[in-house]
Amino acid sequence: VIMGTKLKAAVVGLFFSFLFFPLVYSASNDGFVRIGLKKMKFDQNNRLAARLESKEGEALRASIRKYHPRGKLGDAQDTDIVALKNYMDAQYFGEIGVGTPPQKFTVIFDTGSSNLWVPSSKCYFSVPCFFHSKYKSSQSSTYKKIGKSAEIHYGTGAIAGFFSKDNVKVGDLVVKNQEFIEATREPSVTFLVAKFDGILGLGFREISVGNSTPVWYNMVKQGLVKEPVFSFWLNRKTEEEEGGELVFGGVDPNHYKGKHTYVPVTQKGYWQFNMGDVVIDGKPSGYCSSGCAAIADSGTSLLAGPTPVITMINHAIGASGVVSQECKAVVDQYGQTIMDMLMSEASPKKICSQIGVCTFDGTRGVSKGIESVVDQKNSRSSGLHDDAMCSVCEMTVVWMQSQLRQNQTQDRILNYVNELCERLPSPMGESAVECGKISSMPKVSFTIGGKVFDLSAKEYILKVGEGAAAQCISGFTALDVPPPRGPLWILGDVFMGRYHTVFDYGNLRIGFAEAA
């Protein structure tokens, strides 16, 4: 729930305005439970909220980069993707009911987190609660008190509250005695401008705050679904009102073409799997040639990945980010040395430590600033500078490796790396492109299960606004997750819209096929 999860985080500063329509759902005669999803359109007005929170989000991301996870109970050495998530970039929503009789809430069905939470009627002091539906336990005949406190940190804010238990209606199903969080504190601007009320997590129990049993687990346990499988079809045809469909209990053959390519879940928590190389305009980037982790995440719109590759993509599609002076300084000072070392077949992972920019921790270069947490207060600016220099050095190694594989000349490689410095994603994560050039932009492809999954520019460029005021934003955003969890990609709605996605809980695998 980068991101994190569901990973979700942090992931992006794109905001949307939301247009709601009556939601349709039913248990059809094929044994499936269908939840109608509505897609919300982009709107420029709410992007201001992202900027208001950018400092808070950046501070949290910095803490994550220094290996301090937040927001879940679990292995303290594991990065928490939930803390990276920015739900304001989610576009697909559905409706559920909590209690008897059901109290309606609009939620994000999020495969990158595992808790259900909705605002509580006991939320008195957070302004966002006054703009959303609130759960009133006194009006439900099936409510059971738990009272244990809970807190979840996200990339752009946090929610806090307490656990309760009640029936939850999803489509025509009623999940009995479901634990969920009544949110009594939503301090973030994100939740103020959001048009969704809460989150329904579809991830694994391993990342559930408070070890609470997820809604999906209880659906299976209570025998409410035909098969332990659910699947997403997201309608990317913007002119159509129907946003898509979430099917519990199986796969609708009308939602896809051909056959699914299945890959095993490699780590329970998020729906995580191994991914091969990223191909830009037919050329391998080389960054994931030995494999990268990836997460299929319905709770974020964009595609998030390691900064080196996102920068290469930005360069290929002409996206403009922020010129990084640190980047150009590293290239100017160390570029030739790095290239000479690569050509002499030095270990790429050790190069930045060998030239003194990073410290090698046995598996990778780490910033010298991370070594001594005690001295952080006295040398914060120095630590941040070391952080930037180390990151840029490692990116330079990746970029040069990619070009050397393509037999480019040394001059061409140095020029290319300098160009990439100008394509580094901005701190807000947004990278703008010219709308008029979409038709000439290259394909970007992902290798999953030995099969190449293409995305065209029309699929990875997001349009904000209409007419002369329209802006076009790259659907790729940078997210750097350190080992052991990373490097990691979050494949959000941009990818899941093109490729119908099956979450096979029974066989612990994920499947992708071309969406119908």
Side-chain angles (χ1 to χ4, degrees), residues 18 20-40 90-118 132-133 135 140-143 165-181 195-203 212-235 240-256 271 296 298-299 493 496 500-506 515-516:
F18 311 108
F20 284 89
F21 303 94
L23 296 167
V24 179
Y25 38 70
S26 66
S28 55
N29 54 17
D30 53 15
F32 299 151
V33 178
R34 301 169 183 274
I35 309 297
L37 301 176
K38 291 300 172 184
K39 183 184 177 187
M40 313 310 167
Q91 292 176 278
Y92 294 91
F93 302 80
E95 194 175 89
I96 64 168
V98 182
T100 309
Q103 300 172 37
K104 290 183 179 180
F105 296 92
T106 300
V107 296
I108 296 171
F109 289 95
D110 178 22
T111 58
S113 66
S114 299
N115 291 86
L116 168 62
W117 68 263
V118 294
H132 296 285
S133 299
Y135 170 75
S140 173
S141 61
T142 45
Y143 162 74
K165 191 178 280 191
D166 209 334
N167 292 354
V168 174
K169 191 169 191 271
V170 183
D172 284 345
L173 301 180
V174 176
V175 181
K176 294 182 178 177
N177 296 314
Q178 175 63 48
E179 273 190 27
F180 66 100
I181 297 171
K195 293 297 192 290
F196 61 86
D197 300 313
I199 309 288
L200 192 154
L202 292 168
S212 176
T213 304
V215 174
W216 166 245
Y217 279 50
N218 280 330
M219 277 189 191
V220 175
K221 186 178 178 182
Q222 295 174 21
L224 302 176
V225 289
K226 187 177 176 182
E227 295 178 61
V229 173
F230 61 90
S231 52
F232 275 87
W233 171 68
L234 305 180
N235 187 4
E240 294 183 8
E241 183 180 306
E242 185 182 16
E245 201 165 56
L246 166 57
V247 176
F248 288 107
V251 180
D252 185 337
N254 296 317
H255 285 166
Y256 65 93
W271 285 89
S298 63
D493 297 340
M496 289 175 63
H500 179 258
T501 309
V502 176
F503 297 85
D504 187 341
Y505 176 74

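Source: prediction; values computed, not measured.
- F232 places none of its side-chain heavy atoms less than 4.5 Å from the side chain of Y92.
- Rounding to the nearest 0.5 Å gives a distance of 7.0 Å between CG of D252 and NE2 of H500.
- To the nearest 0.5 Å, atom OG1 of residue T106 and atom NZ of residue K38 are 12.0 Å apart.
- Here the CD1 atom belonging to I96 is positioned 9.5 Å from the CD1 atom belonging to I35, to the nearest 0.5 angstrom.
- With sequence neighbours left out, E227 forms a side-chain contact (heavy atoms from CB on, under 4.5 Å) with V229.
- No donor-acceptor pair closer than 3.5 Å links the side chain of N167 to the backbone N or O of Q178.
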* To do: Begin from the C-alpha positions of Q103 and S140 and carry the test side-chain contact (heavy atoms from CB on, under 4.5 Å) through to its verdict.
  => CA-CA 9 Å; Q103 300 172 37; S140 173; 4.3 Å; yes

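- Between P102 and G97, the shortest heavy-atom contact is CB-CA, 4.0 Å.
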* To do: Report the C-alpha separation of Y217 and S114 in whole Å, then their side-chain angles, then the decisive distance to 0.1 Å, and conclude whether the side-chain contact (heavy atoms from CB on, under 4.5 Å) test is met.
  => CA-CA 10 Å; Y217 279 50; S114 299; over 6 Å; no

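- Across every non-hydrogen atom of G249 and K226, the tightest pair is O-CB, 3.7 Å.
- A distance of 6.0 Å or more separates the ring centres of F230 and Y505.
- The side-chain heavy atoms of V225 and V220, taken from C-beta on, include a pair separated by under 4.5 Å.
- When side chains are defined from C-beta on, T501 does not count as touching W271, because their heavy atoms never get closer than 4.5 Å.
- The shortest side-chain heavy-atom distance between L37 and F109 falls under the 4.5 Å cut-off.
- Nearest heavy atom pair, residue L224 against residue V174, reads CD1-O, 3.5 Å.
- Nearest heavy-atom pair, G250 versus S231, reported as atom, atom and distance to 0.1 Å: O-OG, 2.9 Å.
- The CD1 atom of I181 sits 4.5 Å away from atom CG of N115, with the distance rounded to the nearest 0.5 Å.
- Atom-to-atom distance recorded for F93:CZ and D110:CG is 11.0 Å, nearest 0.5 angstrom.
- Remark: W216 CH2 to L200 CG distance equals 11.5 Å, nearest 0.5 Å.
- Across every non-hydrogen atom of D166 and T100, the tightest pair is OD1-N, 4.3 Å.
- Under a 3.5 Å cut-off, the side chain of W233 and the backbone N or O of N254 do not form any donor-acceptor pair.
- In this structure the side chain of F503 never reaches within 4.5 angstrom of the side chain of L202, judged on heavy atoms.
- A donor-acceptor pair is defined here as one N or O able to donate and one able to accept, closer than 3.5 Å; such a pair exists between the side chain of S298 and the backbone of T111.
- Shortest non-hydrogen contact noted between R34 and H255 is NH1-CE1, 4.2 Å.
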